[in-house]
Participant: 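I have a structure here, written as structure tokens, and I will follow up with some questions on it.
Chain letters run A, B, ... following the sequence lines, proteins first, then strands; residues in each count from 1.
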Amino acid sequence: MSPSADESQRLASVPDRPVLEGLEAKWDAAWEASGIYRFDEGRPRGEVFSIDTPPPTVSGSLHVGHVFSYTHTDIIARHRRMAGQAVFYPMGWDDNGLPTERRVQNYYGVRCDPSLPYDPAFAPPPDAGRPSAVAKRRTIAVSRPNFIELCEELTASDEQAFEGLFRRIGLSVDWTRTYATIDAHCRRVSQLAFLENLERGEAYQIEAPSLWDVTFQTAVAQAELDDREVPGTYHKLRFRRTEGSGGAAGATVTTADHDNTDGSGGAAAVATAADRGNTDGGSDVWIDTTRPELVPSCVALVAHPDDSRYKPLFGSTVRTPVFDVEVPVLAHPLADPDKGTGIAMICTFGDTADVTWWRELDLPVRTVIGRDGRFAAEPPAAIKSPTGQATYARLAGKTAAAARTEIAAVFAQSGDIDGEPRPITHPVKFFEKGDRPLEIVSSRQWYIRNGGRDDDLRQALIDRGTQMNWVPSYMRARYESWIAGLSGDWLISRQRFFGVPIPLWYRLDTDGSPIWDDPIRPEAGTLPVDPSADCPPGCDESQRGRPGGFVGDPDVMDTWATSSLTPQIATGWRTDEDLYASTFPMDMRPQAHDIIRTWLFSTVVRAHFDAGAVPWHNCALSGWILDPDRKKMSKSRGNVQVPTDLLDRYGADAVRYWAACGRPGTDTAFDEQQFRIGRRLAVKLLNASKFVLRFDELDDEAASEVKRRERALGTGLDAGAVPAGATEPLDRSMLHRLAGLVEEASRALNAFDYARALERTESFFWAFTDDHIELAKARAYGEHGTAAAVSARLSLRIALRVLQQLFAPFMPFVAEEVWSWWHTSSVHASTWPESSRLRAAAGDAGPLPGAVAAAVLGEVRRAKSEAKRPLRTEVERATVTDKAERIAVLERVAADVCAAGRITDLATVEGDEFSVQAQLAPETSP
RNA sequence: GGGCGCGUAGCUCAGGCGGUUCAGAGCGCUUCCCUUACAAGGAAGAGGCCGGGGGUUCAAGUCCCUCCGCGCCCACCA
């Protein structure tokens with residue numbers, strides 16, 4: 001505890017007026033210089049605590065939500081470090097993918113045109129970064145390599161700013177260990193993991209209908225879907241029954257491009273009695289649809305197998321309105337009798353239900369909407385009638401929305417629509433980053449298996465969830481419900497530019513068509529590769545795109561396909577086996593609860609495949625920041641708080657305090673009042689520390705005795721030595737309660753409940769300053785003799801030391817500052833306090849002496865307060881009534897109570913009800 | 001439609017396994033005080049049928065059921 005004589009030369013003296021200003025820069029620099037947050041690679045796995053830090057998306061700026069959740073992780077990291085573990089705490093930047101592309105497009109006013117050649121002389125436009133100027137001119141088309149250069153340039157400067165902010169809030173990250181999801185290391189890990197998935201059959205490509213964003217013109221994954229309630233319109237459309245069809249059981253269904261009969265069709269009963277209402281006297285079938293423009297892609301109608309209204313029609317055919325295509329009426333349990341008219345048209349493809357029906361009923365494809373979201377120029381081959389073809393021509397080239405308006409008019413004119421379209425509100429699938437509804441188009445894509453099509457794998461992944469500790473525990477339900485609802489494998493290929501390329505090439509046949517089934521893989525050791533620029537083994541650039549040559553896979557992987565590997569990326573998987581062995585599976589994954597279905601789940605999938613293990617033992621979910629109106633704070637809402645502004649006004653420790661008050665997993669309202677409270681706490685720690693440590697400077701017998709004892713103690717808190725110093729009941733009682741605090745705070749932190757640890761520490765601290773210090777103050781000044789003063793000062797110093805340590809994970813700057821006044825090494829490298837030593841120091845003292853003394857002092861203060869007299873008012877006589885046991889205790893701390901309360905004469909009376917009668921000294925006229 | 005979470009002082013929230021820190025904290029509000037660490041402080045005070053209703057128990061914010069309100073997750077949404 002006490003420095004040796006020569007060390008004391010270097011100790012900062014206790015300032016007369018300590019302030020918080022300047023502490024952040026001072027200590028950030030000191031920590032950087034000393035490298036105290038560097039990971040100690042030599043430590044065995046059991047002594048390591050490794051953290052899978054979330055790489056923030058580098059697409060703009062950090063907001064208070066980041067400060068909030070990253071602080072939570074840092075608190076845990078700092079506690080583990082003090083508890084003796086080697087903390088592995090890297091930082092990553094998620095800079096690949098669509099968010100960066102969008103930011104680059106807007107920032108520079110450019111768009112990527114992959115057909116352009118690289119322009120080595122290209123310079124960013126001069127108006128870059130000025131949105132108003134950029135918006136006024138046309139976007140500049142740039143080549144893919146130039147575009148990627150712009151992405152790299154912008155993310156590099158963003159990342160610097162991010163690191164600056166994270167340092168400012170005191171994250172004890174090992175800044176020598178950073179990665180960016182687009183850097184060579186991440187691309188290599190990402191491609192290698194993909195190739196290993198491919199090798200083991202966990203990755204595959206297939207041509208299939210998939211969710212497609214028409215704005216960004218890329219496939220998207222189920223995990224990136226948002227349901228949004230949007231207005232729509234029900235159109236009730238007429239499908240005419242085919243003559244001679246369905247009138248007899250077992251009618252054969254034939255269409256031009258479809259030769260399957262569905263399983264239930266043959267069982268269709270005679271369609272007469274039952275087909276009332278909706279089938280309009282046996283000749284028409286009416287369906288409700290919100291997407292009438294998809295009628296040209298209609299391939300069937302479908303109703304529930306048990307629906308008596310439509311049973312007679314199963315196996316028959318109907319003709320689509322205007323387009324006049326014959327389609328079968330089929331049965332499928334997915335059809336809901338209560339929706340619309342109870343019978344639906346199946347289009348290729350209007351929604352995911354269409355895909356299910358299409359697949360399970362083995363229906364043909366009649367595509368109308370292309371990758372650009374517009375109707376294709378040519379109608380499906382099934383549309384043969386001149387009217388149908390002419391009508392389609394009116395839709396060609398239109399967006400879905402425009403085509404809908406157009407076709408509604410056509411149906412109205414032809415009399416195939418019943419009544420007015422009825423407006424409804426219904427949920428529609430959107431890409432979470434998009435603002436136009438998703439379409440479903442068929443395309444060739446890469447997938448990684450995730451249990452969506454495999455019940456054994458699904459169960460295995462759910463089981464992985466039970467092998468991890470969830471904080472808070474109920475969050476696991478979200479993980480499980482997500483997996484249970486998976487409807488397909490994980491689509492990882494994206495038709496975008498700034499991402500990790502799919503590391504494959506395809507041979508071209510003699511016609512120049514790719515041979516998809518047998519991709520060419522890169523040689524080990526050449527990763528990362530860019531198939532659009534690099535050549536496959538044994539080939540040269542002249543063969544690219546030529547018949548008999550090769551072509552590179554044009555796609556990149558989705559950003560989650562790389563960020564699902566953050567544990568592997570950070571821990572040296574396949575690159576540093578020693579590091580990997582000492583840090584993987586990791587100990588902790590902190591993250592927000594809204595990305596359980598994406599980041600958390602996909603990480604579990606990858607670790608399950610490449611390690612056969614969970615990626616980490618603990619997942620700590622943090623909540624969101626809500627604005628005062630309880631809305632989620634997000635950039636799109638325009639209600640974000642800029643962290644630098646808050647840091648300027650309140651300081652990092654105060655901001656961290658606010659963050660630490662948010663319970664794990666709980667959304668927290670942004671409350672500026674909390675920053676003030678945090679700041680006040682930090683100031684109080686400065687002042688209390690100053691008060692306690694200043695006794696050291698007194699030139700009296702007690703001071704030298706305290707010094708002598710501490711020198712003898714060495715590290716300061718050895719059991720057996722301290723009790724000899726802390727002799728007074730009040731002091732020992734305080735140490736007793738302090739021991740309880742240490743136990744509680746340690747327990748809470750070990751369970752990731754930083755908020756409880758802080759609350760208890762803070763609560764103890766205020767009681768310590770309000771009551772204990774006040775009670776012990778006079779004695780500490782030596783008013784009751786040297787021995788009593790030594791006890792007071794020594795126990796104050798013991799408590800202060802522990803409190804500074806308990807606060808260190810939460811308020812690292814002010815804790816380091818006050819620690820530095822009497823230590824030469826960092827509080828963050830000190831050893832987390834142990835309650836056993838404090839208990840030994842407390843001896844047989846229980847909580848009672850402190851509690852009784854504080855209760856009496858409180859009553860005396862109240863008497864003065866109610867009499868509207870200053871607290872320094874003398875009490876001529878105080879009479880305390882209390883139970884015998886407490887009276888006995890009070891008598892042992894009477895001197896302290898009298899001094900703190902300025903009580904001249906303290907009398908005691910035994911009684912059941914606690915009360916204090918205080919007779920104040922008469923007011924003296926000024 | 002299924003699931004999860006939450007409803008405790010005006011506000012923001014604590015209240016691990018039911019019983020003397022269970023009715024709490026901070027803010028806000030009221031009053032007082034420049035007290036030898038702290039006036040960008042400090043001391044004290046008022047304020048709540050712990051969402052409603054049942055039940056289990058000697059005893060229920062604390063367990064069970066139910067209802068009401070709010071939030072979130074999931075869902076094939078014609």
Participant: Under 4.0 Å, counting only non-hydrogen atoms across every strand here, what does Trp358(A) touch: a base, just sugar-phosphate, or nothing?
Facilitator: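 It contacts nothing in the nucleic acid.
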Participant: Can you measure Arg756(A) atom CZ to G15(B) atom P for me and round it to whole angstrom units?
Facilitator: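 Value for this atom pair: 5 Å.
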Participant: Applying the Watson-Crick and G-U wobble criteria at under 3.5 Å, what pairs with U20(B)? Answer none if nothing qualifies.
Facilitator: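 Its partner: none found.
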Participant: Could you please name the option among C4(B), A75(B), A44(B) that lies closest to any side-chain atom of Ser865(A)?
Facilitator: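 In terms of side-chain proximity for Ser865(A), the closest of C4(B), A75(B), A44(B) is A44(B).
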Participant: Which pairs of donor and acceptor atoms, one on a side chain in residues 294-302 of chain A, lie under 3.5 Å apart (sequence neighbours left out)?
Facilitator:
unit_1: Ser297(A); atom_1: OG; unit_2: Leu294(A); atom_2: O; d: 2.9

Participant: If only side-chain N and O atoms of Arg597(A) are considered, is one of them under 4.0 Å from the OP1 or OP2 phosphate oxygen of C74(B)?
Facilitator: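 Result: yes.
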Participant: In whole Å, I'd like the distance from the CH2 atom of Trp482(A) to the P atom of C72(B).
Facilitator: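 After rounding, the reported distance stands at 18 Å.
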Participant: Whom does G48(B) pair with, Watson-Crick or G-U wobble, provided both distances fall under 3.5 Å?
Facilitator: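 Check on G48(B): unpaired, no WC or wobble geometry under 3.5 Å.
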Participant: C74(B) C1' sits how many Å from Leu600(A) CG, rounded?
Facilitator: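 The answer, rounded to whole Å, is 16 Å.
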Participant: Say you pick atom C1' in U21(B) and the same atom in C58(B); how far apart are they, in whole Å?
Facilitator: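 After rounding to an integer number of Å, I get 24 Å for this pair.
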Participant: In whole Å, measure the gap between the P atoms of G47(B) and A40(B) for me.
Facilitator: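 Pairwise P distance, G47(B) against A40(B), rounds to 31 Å.
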Participant: Can you give one letter per nucleotide of nucleotides 21-28 of chain B, going 5' to 3': B for a protein heavy atom under 4.0 Å from the base, S for sugar-phosphate only, - for none?
Facilitator: -----SSS
Participant: Give the rounded distance in Å between these two atoms: CG of Leu681(A) and P of G41(B).
Facilitator: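 Checked: the CG to P distance equals 12 Å.
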Participant: Could you tell me how far apart Asp667(A) (CG) and U12(B) (C1') are, to the nearest whole angstrom?
Facilitator: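 Between C1' of U12(B) and CG of Asp667(A): 14 Å.
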Participant: Hey, is CD on Glu885(A) packed in by over 12 heavy atoms from elsewhere, all under 6.0 Å?
Facilitator: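 Open.
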Participant: What is the pairing partner of G28(B), taking Watson-Crick or G-U wobble pairs with both distances under 3.5 Å in any strand?
Facilitator: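 By the stated definition (distances under 3.5 Å), nothing pairs with G28(B).
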Participant: Can you classify the ring geometry of Trp358(A) versus Phe349(A) as parallel (below 30°), tilted (30 to 60°) or perpendicular (above 60°)?
Facilitator: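 Because their plane-to-plane angle is over 60°, the rings of Trp358(A) and Phe349(A) count as perpendicular.
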Participant: Scan every strand shown for a Watson-Crick or G-U wobble partner of A59(B), both distances under 3.5 Å, and answer none if you come up empty.
Facilitator: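 In the structure as shown, A59(B) has no Watson-Crick or wobble partner.
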Participant: Pick the C1' atom in G42(B) and in C34(B), then give their distance to the nearest Å.
Facilitator: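 Each nucleotide's C1' atom is 10 Å from the other's.
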Participant: Can you tell me if the side-chain N/O atoms of Arg861(A) get under 4.0 Å from OP1 or OP2 in A44(B)?
Facilitator: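 Yes, such a contact exists.
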Participant: From the list G42(B), A39(B), C73(B), which nucleotide is the closest neighbour of the side chain of Arg17(A)?
Facilitator: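 That would be A39(B).
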Participant: In terms of relative ring orientation, are Phe323(A) and Phe411(A) parallel, tilted or perpendicular, with 30° and 60° separating the classes?
Facilitator: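 If you compare the ring of Phe323(A) with that of Phe411(A), the planes turn out perpendicular.
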Participant: Does U36(B) pair with anything, Watson-Crick or G-U wobble, both distances under 3.5 Å, and if so, with which nucleotide?
Facilitator: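 Pairing partner, where one exists within any strand: none, as none qualifies.
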Participant: May I ask you to decide if the ring planes of Phe764(A) and Phe768(A) are parallel, tilted or perpendicular, using 30° and 60° as cut-offs?
Facilitator: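 Ring orientation of Phe764(A) relative to Phe768(A): parallel.
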Participant: Out of G5(B), A43(B), A44(B), which nucleotide sits closest to the side chain of Arg862(A)?
Facilitator: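 For Arg862(A), the side-chain atoms sit closest to A44(B).
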Participant: Quick check: closest heavy atoms across Trp286(A) and Thr341(A), and the distance to 0.1 Å?
Facilitator: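 What the structure gives for the nearest pair is O-OG1, 2.8 Å.
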Participant: When you measure from the side chain of Lys684(A), which nucleotide among C38(B), A43(B), C74(B) comes out closest?
Facilitator: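 For Lys684(A), the side-chain atoms sit closest to C38(B).
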Participant: Given atom CG of Asp354(A) and atom P of C76(B), what is their separation to the nearest angstrom?
Facilitator: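 So the CG-P distance, Asp354(A) to C76(B), works out to 13 Å.
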Participant: In terms of base orientation, is G61(B) syn or anti, with the syn window spanning 90° either side of 0?
Facilitator: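 This nucleotide is in syn.
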Participant: Find the partner of A14(B): check Watson-Crick (N1-N3 plus N6-O4 or O6-N4) and G-U wobble (N1-O2, O6-N3) distances, both under 3.5 Å, and reply none if neither fits.
Facilitator: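 Check on A14(B): unpaired, no WC or wobble geometry under 3.5 Å.
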Participant: When we call it a touch if two heavy atoms are under 4.0 Å apart, what does Lys868(A) touch: a base, just sugar-phosphate, or nothing?
Facilitator: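 Sugar-phosphate: the residue Lys868(A), judged by heavy atoms under 4.0 Å, touches backbone atoms but no base.
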Participant: Kindly indicate, with the supporting measurements, whether the criterion side-chain contact (heavy atoms from CB on, under 4.5 Å) is fulfilled by Ile625(A) and Asp667(A).
Facilitator: CA-CA 6 Å; Ile625(A) 300 310; Asp667(A) 295 345; over 6 Å; no
Participant: Can you tell me how far C1' in A60(B) sits from the matching atom in C22(B), rounded to whole Å?
Facilitator: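 The same atom, C1', in both gives a distance of 11 Å.
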Participant: Is the centre of the Phe765(A) ring less than 6.0 Å from the centre of the Phe807(A) ring?
Facilitator: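 Under 6.0 Å, so yes.
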Participant: Pick the C1' atom in A46(B) and in U30(B), then give their distance to the nearest Å.
Facilitator: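 Going atom to atom, C1' in each nucleotide, I get 7 Å.
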Participant: Taking the side chain of Trp624(A) as heavy atoms from C-beta outward, which of A14(B), A44(B), C72(B) is closest to it?
Facilitator: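 Comparing A14(B), A44(B), C72(B) against the side chain of Trp624(A), the answer is C72(B).
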Participant: Of all the nucleotides listed (G45(B), C73(B), C34(B)), which has the minimum atom distance to the side chain of Arg872(A)?
Facilitator: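 It is C34(B).
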Participant: So which nucleotide does G69(B) pair with, by the Watson-Crick or G-U wobble rule with both distances under 3.5 Å?
Facilitator: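 Its partner is C6(B) (Watson-Crick or G-U wobble, both distances under 3.5 Å).
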Participant: Among A14(B), A75(B), A43(B), which nucleotide has an atom closest to any side-chain atom of Leu871(A)?
Facilitator: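 Comparing A14(B), A75(B), A43(B) against the side chain of Leu871(A), the answer is A43(B).
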Participant: Please classify the glycosidic conformation of C17(B) as syn (within 90° of 0) or anti (everything else).
Facilitator: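 Syn conformation here, the glycosidic angle of C17(B) being no more than 90° from 0.
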Participant: Which whole-number value in Å describes the distance from Gln222(A) CD to A75(B) C1'?
Facilitator: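 The answer, rounded to whole Å, is 10 Å.
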Participant: When you get a sec, tell me which of G42(B), A14(B), C76(B) is the closest nucleotide to the side chain of Leu334(A)?
Facilitator: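 Of the options given, the side chain of Leu334(A) lies nearest C76(B).
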Participant: Salt bridge (charged side-chain N to carboxylate O under 4.0 Å, His left out) between Arg238(A) and Asp418(A): does it pass, once the steps are laid out?
Facilitator: CA-CA 7 Å; Arg238(A) 181 211 318 267; Asp418(A) 180 34; over 6 Å; no
Participant: Taking the side chain of Pro870(A) as its heavy atoms from C-beta onward, which of A44(B), C74(B), C33(B) lies nearest to it?
Facilitator: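 Among the listed nucleotides, the one closest to the side chain of Pro870(A) is C33(B).
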Participant: Quantified in whole Å, what is the P atom distance between nucleotide G10(B) and nucleotide G48(B)?
Facilitator: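 Result for the P pair: 7 Å, nearest Å.
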Participant: Check the distance between U36(B)'s C1' and Glu774(A)'s CD and give it to me in whole angstrom.
Facilitator: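 My rounded result for the distance is 11 Å.
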Participant: Using the P atom as the reference point in each nucleotide, state the distance between G28(B) and C11(B) in Å, no decimals.
Facilitator: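 Between the two P atoms, the distance is 15 Å.
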Participant: Give a yes or no on whether Glu432(A) atom CD has more than 12 heavy-atom contacts from other residues, nucleotides or ligands under 6.0 Å away.
Facilitator: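 Buried by this count: over 12 neighbours within 6.0 Å.
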Participant: What verdict does the side chain to side chain donor-acceptor pair (under 3.5 Å) test give for Gln804(A) and Ser689(A), after you've listed the backbone C-alpha separation in whole Å, the side-chain angles of each residue and the deciding distance to 0.1 Å?
Facilitator: CA-CA 9 Å; Gln804(A) 289 179 350; Ser689(A) 297; 3.0 Å; yes
Participant: How far, in whole Å, is C17(B) from G54(B) if one measures between their P atoms?
Facilitator: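 About 25 Å, rounded to a whole number of Å.
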